[in-house]
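Take a look at the structure set out below.
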Amino acid sequence: MISDPVCIRVKGQWACFTRPEFHVERVSYPVITPSAARGILESILMKPIEKPQSDKRDDKSGFIWRILRIGIVEKGTPFSILRNELKTSKIAFSGKASQPVNVSDTEESHTQRHSLILKDVEYLIEAAIEVPEEYIRNNSVISVVKYRKIFERRVKSGRCFHRPYLGCREYPCEFEWVENAEPTKISESFGQVFKDFNYVPMWDLWRTGDQRPSNWENAKIGRKSFLAEVKDGWINIAKIEAMNGKRKVVELC
(Lines give C-alpha, C1' and ligand atoms only; values in the text may rest on other atoms or scores of the structure.)
Protein backbone atom coordinates (compact mmCIF):
# COMPACT_ATOMS: atom_id res chain seq x y z
CA MET A 1 0.00 0.00 0.00
CA ILE A 2 1.44 3.33 -1.13
CA SER A 3 0.48 6.80 0.08
CA ASP A 4 0.19 9.91 -2.03
CA PRO A 5 3.57 11.61 -2.47
CA VAL A 6 4.77 14.17 0.04
CA CYS A 7 7.31 16.91 -0.64
CA ILE A 8 9.42 18.98 1.74
CA ARG A 9 12.06 21.65 1.22
CA VAL A 10 15.30 21.33 3.22
CA LYS A 11 18.15 23.80 3.35
CA GLY A 12 21.23 24.46 5.41
CA GLN A 13 24.43 26.44 5.49
CA TRP A 14 26.67 23.35 5.51
CA ALA A 15 26.33 19.76 4.28
CA CYS A 16 28.59 16.72 4.01
CA PHE A 17 27.44 13.51 2.33
CA THR A 18 30.59 11.50 2.86
CA ARG A 19 32.03 9.39 0.06
CA PRO A 20 33.00 5.93 1.44
CA GLU A 21 36.10 5.60 -0.76
CA PHE A 22 37.86 8.34 1.24
CA HIS A 23 38.81 6.79 4.56
CA VAL A 24 40.39 9.57 6.64
CA GLU A 25 39.48 12.94 5.17
CA ARG A 26 35.78 13.55 4.63
CA VAL A 27 34.88 14.37 1.04
CA SER A 28 31.25 15.07 0.25
CA TYR A 29 29.26 13.91 -2.75
CA PRO A 30 28.24 16.91 -4.88
CA VAL A 31 24.56 16.26 -4.10
CA ILE A 32 22.44 14.81 -1.30
CA THR A 33 22.15 11.02 -1.36
CA PRO A 34 18.80 9.16 -1.17
CA SER A 35 19.98 7.62 2.10
CA ALA A 36 20.52 11.08 3.63
CA ALA A 37 17.14 12.21 2.30
CA ARG A 38 15.48 9.20 3.93
CA GLY A 39 17.25 10.01 7.19
CA ILE A 40 15.76 13.53 7.16
CA LEU A 41 12.24 12.13 6.74
CA GLU A 42 12.81 9.54 9.47
CA SER A 43 13.98 12.24 11.87
CA ILE A 44 10.52 13.79 11.54
CA LEU A 45 8.41 10.60 11.56
CA MET A 46 9.50 6.97 11.68
CA LYS A 47 7.86 3.68 12.62
CA PRO A 48 10.09 0.84 11.40
CA ILE A 49 8.54 -2.51 10.55
CA GLU A 50 11.51 -4.49 11.86
CA LYS A 51 11.90 -3.73 15.55
CA PRO A 52 15.40 -3.97 17.09
CA GLN A 53 14.01 -5.19 20.43
CA SER A 54 13.72 -8.97 20.82
CA ASP A 55 10.39 -8.73 22.65
CA LYS A 56 8.89 -6.66 19.78
CA ARG A 57 10.00 -8.78 16.83
CA ASP A 58 6.42 -10.05 16.32
CA ASP A 59 5.09 -6.50 15.96
CA LYS A 60 5.23 -5.70 12.23
CA SER A 61 3.19 -2.51 12.34
CA GLY A 62 4.93 0.41 10.67
CA PHE A 63 5.96 1.72 7.30
CA ILE A 64 8.90 2.35 4.98
CA TRP A 65 9.96 5.65 3.41
CA ARG A 66 10.48 5.41 -0.36
CA ILE A 67 12.36 8.30 -1.97
CA LEU A 68 10.85 9.14 -5.38
CA ARG A 69 12.95 12.07 -6.56
CA ILE A 70 15.21 14.84 -5.33
CA GLY A 71 15.06 18.39 -6.62
CA ILE A 72 18.05 20.73 -6.57
CA VAL A 73 17.23 24.34 -5.70
CA GLU A 74 20.74 25.34 -4.61
CA LYS A 75 23.53 22.96 -5.58
CA GLY A 76 25.97 24.41 -3.06
CA THR A 77 29.63 25.35 -3.33
CA PRO A 78 32.49 22.99 -2.38
CA PHE A 79 34.23 24.35 0.70
CA SER A 80 37.40 23.06 2.37
CA ILE A 81 37.87 23.25 6.14
CA LEU A 82 40.58 22.05 8.54
CA ARG A 83 39.46 20.84 11.95
CA ASN A 84 40.86 19.28 15.09
CA GLU A 85 39.37 15.82 15.64
CA LEU A 86 39.90 12.98 18.08
CA LYS A 87 42.23 10.28 16.83
CA THR A 88 40.68 6.92 15.98
CA SER A 89 41.95 4.16 18.23
CA LYS A 90 42.77 0.86 16.54
CA ILE A 91 42.16 -0.91 19.84
CA ALA A 92 38.58 0.36 19.90
CA PHE A 93 37.83 -1.37 16.56
CA SER A 94 39.45 -4.64 17.69
CA GLY A 95 36.84 -5.14 20.42
CA LYS A 96 39.45 -5.09 23.20
CA ALA A 97 39.25 -2.90 26.27
CA SER A 98 41.23 0.30 25.92
CA GLN A 99 42.42 2.97 28.28
CA PRO A 100 40.33 6.16 28.55
CA VAL A 101 41.42 8.94 26.23
CA ASN A 102 42.70 12.12 27.86
CA VAL A 103 41.04 14.73 25.63
CA SER A 104 42.91 17.54 27.39
CA ASP A 105 46.18 16.22 25.95
CA THR A 106 45.70 17.73 22.51
CA GLU A 107 49.01 16.46 21.12
CA GLU A 108 48.19 12.80 21.85
CA SER A 109 44.42 12.65 21.42
CA HIS A 110 43.79 15.17 18.61
CA THR A 111 44.74 15.37 14.97
CA GLN A 112 44.05 17.80 12.15
CA ARG A 113 41.95 16.58 9.23
CA HIS A 114 40.65 18.17 6.07
CA SER A 115 36.99 18.05 5.07
CA LEU A 116 35.60 19.01 1.66
CA ILE A 117 31.99 19.93 2.35
CA LEU A 118 29.18 21.88 0.65
CA LYS A 119 28.15 25.43 1.51
CA ASP A 120 24.59 26.82 1.19
CA VAL A 121 22.50 23.95 -0.16
CA GLU A 122 18.76 23.62 -0.70
CA TYR A 123 16.83 20.57 -1.91
CA LEU A 124 13.31 19.29 -2.52
CA ILE A 125 12.61 15.76 -1.29
CA GLU A 126 9.63 13.92 -2.74
CA ALA A 127 8.78 10.58 -1.15
CA ALA A 128 5.95 8.17 -0.38
CA ILE A 129 4.99 6.02 2.59
CA GLU A 130 4.81 2.27 1.89
CA VAL A 131 3.27 -0.52 3.93
CA PRO A 132 4.50 -3.78 2.27
CA GLU A 133 1.86 -6.24 1.11
CA GLU A 134 3.02 -8.98 3.50
CA TYR A 135 2.40 -6.70 6.49
CA ILE A 136 -0.96 -5.30 5.39
CA ARG A 137 -3.66 -5.38 8.04
CA ASN A 138 -7.40 -4.91 7.64
CA ASN A 139 -6.92 -1.18 8.21
CA SER A 140 -3.94 -0.75 5.89
CA VAL A 141 -5.56 2.06 3.89
CA ILE A 142 -6.41 3.92 7.07
CA SER A 143 -2.88 3.40 8.39
CA VAL A 144 -1.21 4.82 5.25
CA VAL A 145 -3.46 7.88 5.26
CA LYS A 146 -2.91 8.30 9.01
CA TYR A 147 0.89 8.20 8.73
CA ARG A 148 0.82 10.75 5.92
CA LYS A 149 -1.44 13.12 7.86
CA ILE A 150 0.76 12.82 10.96
CA PHE A 151 3.86 13.61 8.89
CA GLU A 152 2.18 16.63 7.27
CA ARG A 153 1.11 18.03 10.64
CA ARG A 154 4.56 17.54 12.13
CA VAL A 155 6.30 19.27 9.21
CA LYS A 156 3.90 22.23 9.17
CA SER A 157 4.30 22.71 12.93
CA GLY A 158 8.09 22.29 12.78
CA ARG A 159 8.17 19.22 15.05
CA CYS A 160 10.63 16.35 14.76
CA PHE A 161 11.98 13.45 16.81
CA HIS A 162 15.49 14.85 16.51
CA ARG A 163 16.92 17.76 14.53
CA PRO A 164 17.32 16.76 10.85
CA TYR A 165 20.81 17.15 9.45
CA LEU A 166 22.52 17.18 6.07
CA GLY A 167 24.79 14.15 6.14
CA CYS A 168 26.52 14.86 9.47
CA ARG A 169 24.92 15.77 12.78
CA GLU A 170 26.99 18.95 13.04
CA TYR A 171 25.24 20.30 9.92
CA PRO A 172 21.55 20.74 10.89
CA CYS A 173 18.97 21.80 8.33
CA GLU A 174 15.66 23.62 8.20
CA PHE A 175 12.59 21.95 6.69
CA GLU A 176 9.17 23.05 5.49
CA TRP A 177 6.11 21.62 3.73
CA VAL A 178 5.83 22.56 0.05
CA GLU A 179 3.34 21.85 -2.73
CA ASN A 180 3.92 22.23 -6.46
CA ALA A 181 7.48 23.45 -5.86
CA GLU A 182 9.93 23.46 -8.73
CA PRO A 183 13.73 23.18 -8.56
CA THR A 184 16.32 25.11 -10.53
CA LYS A 185 16.23 24.07 -14.19
CA ILE A 186 19.62 22.41 -14.51
CA SER A 187 20.71 19.24 -16.25
CA GLU A 188 24.00 17.52 -15.47
CA SER A 189 25.51 14.28 -14.21
CA PHE A 190 27.01 13.82 -10.75
CA GLY A 191 28.39 10.36 -11.51
CA GLN A 192 27.98 7.35 -9.25
CA VAL A 193 26.34 8.28 -5.93
CA PHE A 194 25.58 6.09 -2.92
CA LYS A 195 21.90 5.15 -2.84
CA ASP A 196 21.16 3.17 0.31
CA PHE A 197 22.02 0.14 2.40
CA ASN A 198 20.47 -3.31 1.97
CA TYR A 199 19.50 -4.62 5.41
CA VAL A 200 17.65 -7.71 4.13
CA PRO A 201 20.50 -10.16 5.00
CA MET A 202 20.49 -8.93 8.59
CA TRP A 203 16.75 -9.37 9.05
CA ASP A 204 16.89 -12.77 7.28
CA LEU A 205 19.44 -13.91 9.86
CA TRP A 206 17.37 -12.59 12.77
CA ARG A 207 13.93 -13.98 12.04
CA THR A 208 10.79 -13.33 14.05
CA GLY A 209 10.67 -15.42 17.21
CA ASP A 210 14.43 -16.09 17.28
CA GLN A 211 16.82 -14.79 19.87
CA ARG A 212 19.11 -11.95 18.88
CA PRO A 213 22.12 -13.53 17.06
CA SER A 214 25.50 -13.27 18.74
CA ASN A 215 27.38 -13.64 15.43
CA TRP A 216 26.56 -11.31 12.55
CA GLU A 217 29.29 -12.45 10.14
CA ASN A 218 26.75 -13.99 7.74
CA ALA A 219 24.68 -10.79 7.66
CA LYS A 220 26.58 -8.85 5.01
CA ILE A 221 24.86 -5.50 4.63
CA GLY A 222 25.12 -4.50 1.00
CA ARG A 223 25.56 -1.05 -0.53
CA LYS A 224 23.70 0.17 -3.57
CA SER A 225 24.77 3.04 -5.81
CA PHE A 226 23.31 4.68 -8.91
CA LEU A 227 24.14 7.16 -11.63
CA ALA A 228 22.83 10.54 -10.45
CA GLU A 229 21.52 12.24 -13.58
CA VAL A 230 19.82 15.60 -13.10
CA LYS A 231 17.12 16.44 -15.65
CA ASP A 232 15.32 19.77 -15.34
CA GLY A 233 16.50 19.99 -11.74
CA TRP A 234 15.20 16.56 -10.65
CA ILE A 235 17.05 13.34 -9.86
CA ASN A 236 14.48 10.62 -10.54
CA ILE A 237 14.98 7.61 -8.27
CA ALA A 238 11.62 5.83 -8.32
CA LYS A 239 8.02 6.36 -9.40
CA ILE A 240 4.56 5.19 -8.42
CA GLU A 241 2.76 2.95 -10.92
CA ALA A 242 -0.73 1.46 -10.82
CA MET A 243 -0.84 -2.30 -11.46
CA ASN A 244 -4.03 -4.40 -11.23
CA GLY A 245 -5.75 -1.71 -9.24
CA LYS A 246 -2.88 -1.39 -6.77
CA ARG A 247 -0.10 1.14 -6.61
CA LYS A 248 3.53 0.16 -6.17
CA VAL A 249 6.89 1.90 -6.22
CA VAL A 250 9.09 1.03 -9.21
CA GLU A 251 12.81 1.75 -8.95
CA LEU A 252 14.25 3.75 -11.87
CA CYS A 253 17.92 3.32 -11.00
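Just so we're clear, the structure is a prediction, and the values are computed from it rather than from any experiment.
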For the hydrophobic clusters of this structure (ILVMFWY residues joined by side-chain heavy atoms under 4.5 Å, transitively), does one cluster hold both I44 and F161? no

In terms of the angle between their ring planes, are Y199 and F197 parallel, tilted or perpendicular, with boundaries placed at 30° and 60°? tilted

Rounded to the nearest 0.5 Å, what separation is found between the NZ atom of K60 and the CG atom of D58? 7.5 Å

When clusters are formed by joining ILVMFWY residues with side-chain heavy atoms under 4.5 Å apart, either directly or through shared neighbours, do I70 and I8 land in the same one? yes

Can you tell whether the side chains of K56 and E50 come within less than 4.0 Å, N to carboxylate O? no

Same cluster (ILVMFWY, side-chain, under 4.5 Å), M1 and I150: yes

Keeping S3 on the side-chain end and I129 on the backbone end, is there a donor-acceptor pair under 3.5 Å? yes

Is there a side-chain contact between V155 and E152 in this structure, where contact means two heavy atoms from C-beta onward sitting under 4.5 Å apart? no

When E251 is tested against each of K224, K195, K239 for salt bridge (charged side-chain N to carboxylate O under 4.0 Å, His left out), which residue passes? K195

Tell me the closest heavy-atom pair linking M202 and I221, and the distance in Å. SD-CD1, 4.3 Å

Determine, using the 4.5 Å side-chain heavy-atom cutoff (strictly less than), whether I186 and V121 are members of one ILVMFWY cluster. yes

Is the shortest distance from a Lys or Arg side-chain nitrogen in D4 or R247 to a carboxylate oxygen in the other one below 4.0 Å? yes

Please confirm whether the ring centroid of Y165 lies under 6.0 Å from the ring centroid of W14. no

Salt-bridge present (R9, E122; N to O < 4.0 Å): yes

Answer yes or no: is there a side-chain heavy-atom contact under 4.5 Å between F79 and I81? yes

Do I240 and K248 make a side-chain contact, defined as non-hydrogen atoms from C-beta onward lying under 4.5 Å apart? no

Could you give me the CA-CA distance, side-chain angles and deciding distance for S189 and L227, then say whether side-chain contact (heavy atoms from CB on, under 4.5 Å) is met? CA-CA 8 Å; S189 175; L227 183 61; 4.0 Å; yes

Quick one: are I49 and P132 in side-chain contact, heavy atoms under 4.5 Å? yes

Check the orientation of W216 and W206. Use parallel for under 30°, tilted for 30 to 60°, and perpendicular for over 60°. perpendicular

Of the non-hydrogen atoms in I117 and A15, which two are nearest, and what is the gap between them? CB-O, 3.3 Å

Rounded to the nearest 0.5 Å, how far does OG of S115 lie from CG of L82? 8.5 Å

Does the distance from a Lys or Arg side-chain N to an Asp or Glu carboxylate O, for E182 and K185, drop under 4.0 Å? yes

Answer whether the closest heavy-atom distance between the side chains of C7 and L124 falls below 4.5 Å. yes

Determine the minimum heavy-atom distance between W234 and A181, stating which atoms define it. CZ2-O, 3.9 Å

For N236 versus L252, what's the shortest heavy-atom pair and its separation? CB-CD1, 3.9 Å

Could you give me the CA-CA distance, side-chain angles and deciding distance for F226 and D196, then say whether side-chain contact (heavy atoms from CB on, under 4.5 Å) is met? CA-CA 10 Å; F226 73 108; D196 213 330; over 6 Å; no

Parallel, tilted or perpendicular: ring planes of F17 versus Y123, cut at 30 and 60 degrees: perpendicular

Between the side chain of R212 and the main-chain N/O of P52, is any donor-acceptor distance below 3.5 Å? yes

Which residue in the set L118, I235, V230 passes side chain to side chain contact (heavy atoms under 4.5 Å, CB included) when paired with V31? I235

Determine, stepwise, if the pair I40 / L166 fulfils side-chain contact (heavy atoms from CB on, under 4.5 Å). CA-CA 8 Å; I40 292 174; L166 296 168; 4.0 Å; yes

Within 45° cone and under 6.0 Å: R38 NZ/CZ vs W65 ring: no

CZ/R163 to CD/E174 distance, rounded to the nearest 0.5 angstrom? 6.5 Å

Search all heavy atoms of F175 against all heavy atoms of V10 and return the closest pair with its distance. CB-CG1, 4.0 Å

Heavy-atom check, side chain of W177 versus side chain of V6, under 4.5 Å: yes

So, are E25 and R113 salt-bridged, with charged N and O less than 4.0 Å apart? no

Once you round to the nearest 0.5 Å, how far does CZ of R207 lie from CD of Q211? 16.0 Å

If you define the side chain from C-beta out and look only at heavy atoms, does anything of D59 sit under 4.5 Å from S61? yes

For a side-chain contact (heavy atoms from CB on, under 4.5 Å) check, start with the C-alpha distance between Y29 and F190, then their side-chain angles and the critical distance, and finish with the verdict. CA-CA 8 Å; Y29 282 110; F190 290 118; over 6 Å; no

Just wondering, are more than 12 heavy atoms of other shown residues or ligands nearer than 6.0 Å to CD in E21? yes

Can you check whether H162 reaches E42 side chain to side chain, under 4.5 Å on heavy atoms? no

Ring centroids only, cut at 6.0 angstrom: are F63 and Y147 within range, meaning strictly under it? yes

Result for side chain to side chain contact (heavy atoms under 4.5 Å, CB included) between D120 and one of Q13, E74, K75 points to Q13

Please round to the nearest 0.5 Å and tell me the distance separating atom CD of E229 and atom SG of C253. 10.0 Å

For the student: nearest non-hydrogen atoms of K231 and S187, plus distance: CA-OG, 3.8 Å

Only one of V249, I237, I125 forms a side chain to side chain contact (heavy atoms under 4.5 Å, CB included) with L68, so which one is it? V249

Counting heavy atoms not belonging to K246, are there more than 12 under 6.0 Å from its NZ? no

